[in-house]
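Note that the structure is predicted; figures quoted are calculated from it, not measured. We use all heavy atoms of the structure for the numbers below, so side chains are in, but hydrogens, waters and symmetry mates are not.
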Amino acid sequence: MNYKMMGRFIGHILLVEAVFMIPSVVISLVRQEEMACMGFAASICITLFISSLLLVLCRGSRRSFKAKEGLVCVGISWIVMSLLGSLSFYISREIPSYLDALFETVSGFTTTGSSILSEIEGLSMSILYWRSFTHWLGGMGVLVFVLAVGASGESNKGFTMHLLRAESPGPQVGKLVPRMKKTAEILYLIYILLTIVNIVFLLLGGMSLFEAVCTAFGTAGTGGFGIKNDSIAGYSPYIQNVCTVFMLLFGVNFSCYYMLLLRHFRSVFKDEELRFYLGIVIGSIVLITLNLKGFYGTLEETVRHASFQVASIVTTTGYATTDFDLWPTFSKAIILGLMVIGASAGSTGGGFKCARVLIIVKGLRRNLRRAISPQKVQVVRINDNMVDEKVLENTNAYLSAYVIILFLSFIVVSLDRVSVMTSLTAVLSCFNNIGPGLEAVGPTCNFGDFSWLSKLVLIGDMLAGRLEIFPILILFSRTTWGRLKG
């Protein structure tokens with residue numbers, strides 16, 4: 001295990017985190033928010049101290065990574081980043097409990113959007129900015145950012161490949177271009193451009209610059225931390241529709257946008273995952289709209305709320321324009337299904353991923369055909385390309401781990417003596433990085449009343465869900481920790 005290289009990289013991660021806290025300090029100074037300014041200043045100093053210590057102790061490391069080391073580095077980086085990122089909430093006393101501050105921070109970085117806060121508008125502006133910015137930073141991944149701006153070329157011996165694969169969502173990560181560093185740069189460039197366009201459209205709807213930036217951060221990262229107590233419900237239909245469109249855009253595999261830039265339109269239109277994703281969205285909107293007949297005053301309002309909530313849940317953003325917990329059972333059942341499926345692989349969305357659902361369905365169909373014709377060779381194809389057997393094995397392993405963690409988390413959270421639906425959707429919303437659930441964790445409620453044990457479990461679920469389970473599970477494997485090297 002290359003501990004020195006891992007420590008050096010974590011040091012760079014913390015350095016980036018400290019730099020990204022600076023705008024919050026500036027906002028707190030301009031707004032004369034003394035406690036928030038002290039909180040951010042102390043957080044930056046502590047983060048820089050730990051970063052410097054790691055960089056000094058781990059200098060001279062050999063720049064080589066194996067897959068195992070990439071997974072471990074990603075898992076530890078996100079944990080340490082969350083532990084230090086939560087200090088500003090705690091030191092400023094805007095969230096007096098450190099566990100609650102950690103919950104809020106992990107929810108931000110993992111783009112979950114579940115909150116322990118009941119009075120969001122009472123927070124200082126600098127804290128609101130940092131809270132929303134954690135979504136944007138976690139959406140594409142801070143490690144991907146470091147790779148895009150810092151990692152050197154092909155001499156890294158798997159360094160960039162293993163880190164990008166460990167942090168990126170989906171059953172497999174391919175190269176957009178031959179060099180992984182260039183791939184990271186392209187991903188972040190698309191991410192930044194889409195975010196800027198989102199901000200412009202929100203400004204055209206009458207939002208202030210601060211509101212537009214924070215809302216776009218939550219939309220781009222598919223996170224869902226709003227800066228208002230009623231999330232997006234108080235904004236105009238135009239703003240709500242803009243958010244609907246951009247939530248869906250950020251739920252698309254970013255490789256599709258790269259193919260569009262290359263004018264490979266036919267490849268995009270033939271993409272099976274994209275068609276599956278859009279089919280689920282359109283079908284869900286139609287079914288919920290029909291089920292909500294007479295629930296709202298006009299058809300336009302019904303379609304708008306149905307479209308917004310479908311987009312918010314399937315992309316795991318978590319914004320809300322209405323209390324969908326009051327919807328009929330059929331509509332809530334669709335919402336529950338969307339919580340599990342999630343967005344596309346290679347997007348900023350969470351969930352099980354549309355690509356995995358396709359692979360599992362096609363794998364099941366292959367097994368049925370094998371049972372009928374054992375002698376015939378059966379393969380699984382996505383976009384006319386044969387899916388490697390290793391990808392099929394990893395997808396099945398992911399499904400097994402997903403179900404086991406979901407069940408165990410549900411059992412532990414149920415100790416809080418809440419309803420079955422509350423326990424189940426609390427775990428689903430955190431594990432799939434969605435935000436709101438149903439009943440006591442619905443869009444008008446929060447997670448503040450859960451016990452410390454349940455909050456710890458849900459924090460673990462958020463991290464495991466954002467990092468695709470394995471980077472967190474591998475930290476608890478006995479075989480992971482080998483002999484110290486270079």
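- Taking 4.5 Å as the limit, some side-chain heavy atom of M140 sits within range of a side-chain heavy atom of L187.
- Between R131 and E94 there is no salt bridge, since no side-chain N of the basic residue sits under 4.0 Å from a carboxylate O of the acidic one.
- In this structure, the side chain to side chain contact (heavy atoms under 4.5 Å, CB included) partners of R275, at least two apart in sequence or on a different chain, are E272.
- Residue D449 places its CG atom among 12 or fewer non-hydrogen atoms of other residues, nucleotides or ligands, all under 6.0 Å distant.
- Residues that satisfy the ring-ring contact (aromatic ring centres under 6.0 Å, His included) test with F246, not counting sequence neighbours, are F201.
- Atom CD of E34 has 12 or fewer neighbouring heavy atoms from other residues, nucleotides or ligands inside a 6.0 Å radius.
- For F103, the ring-ring contact (aromatic ring centres under 6.0 Å, His included) criterion is met by F447, not counting sequence neighbours.
- Aromatic pair F254/Y257: ring centres closer than 6.0 Å.
- Counting only heavy atoms from C-beta outward, the side chains of F250 and T317 never approach each other to under 4.5 Å.
- The ring-ring contact (aromatic ring centres under 6.0 Å, His included) test applied to F276 returns no partner, not counting sequence neighbours.
- E104 places no side-chain N or O within donor-acceptor distance of the main-chain N or O of S86, the cut-off being under 3.5 Å.
- Qualifying side chain to side chain contact (heavy atoms under 4.5 Å, CB included) partners for T110, counting only residues two or more places apart in sequence or in other chains: W78, V106, T112, N433, M462, L463, R466.
- No side-chain heavy atom of L117 sits less than 4.5 Å from a side-chain heavy atom of D100.
- Enclosure of atom OH in Y235 by more than 12 non-hydrogen atoms of other residues, nucleotides or ligands within 6.0 angstrom is indicated.
- The environment of CD in Q32 is sparse: at most 12 heavy-atom neighbours from other residues, nucleotides or ligands sit within 6.0 Å.
- With sequence neighbours left out, the ring-ring contact (aromatic ring centres under 6.0 Å, His included) criterion links F431 to Y402.
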